[in-house]
Amino acid sequence: MVALQTKRAVSKTSGSNTAQPTVHVVEPTTAELRAQLPIVSVRKLRVAYNPGELVLDGVDLDLFPGETVALLGSSGSGKSTLMKSLTGFAPITSGSVRVAGYDVANLQRGQVRQLRASAGQVFQQFNLIGRLSVLTNVLTGTLHKAGAINLVGGFSHADRVRAMELLDRVGIAHKASEPARSLSGGQQQRVAIARALMQQPRLILADEPVASLDPRMSDSVLELLRGIAREDGIPVLVSLHVVDLAMRHADRIVGLKHGEVVISAPTTHLDARDLEGVYHHEEDDDVDGNA
Ligand SMILES: Nc1ncnc2c1ncn2[C@@H]1O[C@H](COP(=O)(O)OP(=O)(O)O)[C@@H](O)[C@H]1O
Ligand SMILES: [Mg+2]
């Protein structure tokens with residue numbers, strides 16, 4: 001069931017040098033989601049790495065349990081920065097960022113680690129330790145909670161059992177004892193996903209998780225992520241630069257352009273033409289290889 005639609009043109013008082021976008025907002029995804037509290041709630045977020053240079057300029061974002069949201073935008077539009085903002089890795093200039101109960105802009109001592117433990121992360125380059133076994137790589141997902149990395153101390157039997165269960169879930173239990181580097185890219189990304197699940201995350205952030213994979217692998221990894229979102233009732237935020245993948249594998253699309261949200265709508269309400277505006281046009285000055 002789809003919730004009622006609203007379209008509104010939002011005028012902004014931003015300091016950015018872009019033309020004012022017409023924001024197309026149809027939210028939230030479904031009535032069921034609306035009834036739940038968001039796991040992530042971002043309001044009027046501004047981020048600047050250097051004084052006066054806004055990389056995110058007034059971003060609003062809600063992520064609800066069970067939904068897969070694709071973040072689209074040209075290279076440099078701020079996708080990675082938005083993800084980093086959710087785990088305290090980006091300099092928040094103003095606005096509020098609430099993630100799994102944490103007030104990210106005002107974290108207390110010790111909360112940084114807890115926040116990061118609650119967000120499972122998946123990266124383009126997998127970030128596995130190649131010489132270690134697949135199983136050990138998954139087990140390192142428990143270290144977020146422990147804080148210190150101590151591979152010598154060993155892992156508990158319960159953790160090993162759980163890691164094997166997760167490898168089974170992502171379809172590569174038969175590779176458990178092999179060095180991670182011997183696996184294909186798609187398999188390595190599955191290991192990385194199992195490692196993220198080892199944290200028992202409240203949400204998953206996947207930054208360009210399929211940019212290094214071929215199309216078939218991309219489809220299967222994105223479907224795996226979407227299945228996890230639904231089965232575990234956690235939001236998955238996944239940045240992509242291929243519109244078609246977002247349309248097929250996400251419940252909702254958030255488009256960023258020059259650090260502003262220019263589109264936010266369920267995929268069922270969109271067609272590829274709606275998304276054209278997310279990417280650069282000739283009048284834009286910076287050239288982008290990904291779009
Ligand atoms: N650590 C940093 N210091 C300064 N500028 C940065 C840093 N990280 C990203 N930027 C700048 O912020 C903008 C957005 O980058 P990013 O969030 O990586 O975009 P995307 O992931 O969409 O490609 C770019 O102009 C980039 O150069
Ligand atoms: Mg990026």
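Read the numbers this way: they start at 1 and go in the same order the structure lists the ligands and their atoms. Numbers here are sequence positions counted from 1.
At a threshold of 4.0 Å, the pair D214-R216 does not count as salt-bridged, since none of the basic side-chain nitrogens sits closer than that to a carboxylate oxygen. Salt-bridge check for D57 with R46: passed, with a basic side-chain N closer than 4.0 Å to an acidic carboxylate O. Between K84 and D207 no salt bridge is recorded (no basic side-chain N to carboxylate O distance below 4.0 Å). One finds no salt bridge joining D62 and R252 here, because no Lys/Arg side-chain nitrogen approaches an Asp/Glu carboxylate oxygen to under 4.0 Å. Look at R202 and D232 and you find no salt bridge, because none of the NZ, NE, NH1 or NH2 atoms lies under 4.0 Å from a carboxylate O.
For the residue pair T81 and Y49, a side-chain donor N or O sits within less than 3.5 Å of a side-chain acceptor on the partner.
In this structure, the protein non-hydrogen atom closest to atom 18 (O) of ligand 1 is S80 CB, 3.7 Å. The shortest contact between atom 6 (C) of ligand 1 and any protein heavy atom is with Y49 CD1, 3.2 Å. Among all protein heavy atoms, the one lying closest to atom 23 (O) of ligand 1 is G76 N, 2.7 Å. Closest to atom 16 (P) of ligand 1 among all protein heavy atoms lies T81 OG1, 3.7 Å.
The Mg ion (ligand 2) does not have S239 among its coordinating residues (no N/O/S atom, backbone or side chain, under 2.8 Å).
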Please walk me through it: do S77 and S74 pass side chain to side chain donor-acceptor pair (under 3.5 Å)? CA-CA 5 Å; S77 59; S74 300; 5.9 Å; no
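Ligand-side atoms of ligand 1 in range of K79: 17 (O), 19 (O), 20 (P), 21 (O), 22 (O), 23 (O), range being under 4.0 angstrom from any heavy atom.
The shortest N or O to N or O distance between K84 and ligand 1 is not below 3.5 Å.
Using a 4.5 Å cut-off on side-chain heavy atoms (C-beta onward), P201 and I234 make contact.
Heavy-atom separations between G78 and ligand 1 include at least one value shorter than 4.0 Å.
Which of L82, V47, V55, L54 comes nearest to atom 13 (C) of ligand 1 through a heavy atom is settled by distance: it is V55.
The nearest protein heavy atom to atom 27 (O) of ligand 1 is not closer than 4.0 Å.
At a heavy-atom distance under 4.0 Å, only backbone atoms of S74 (N, CA, C or O) approach ligand 1.
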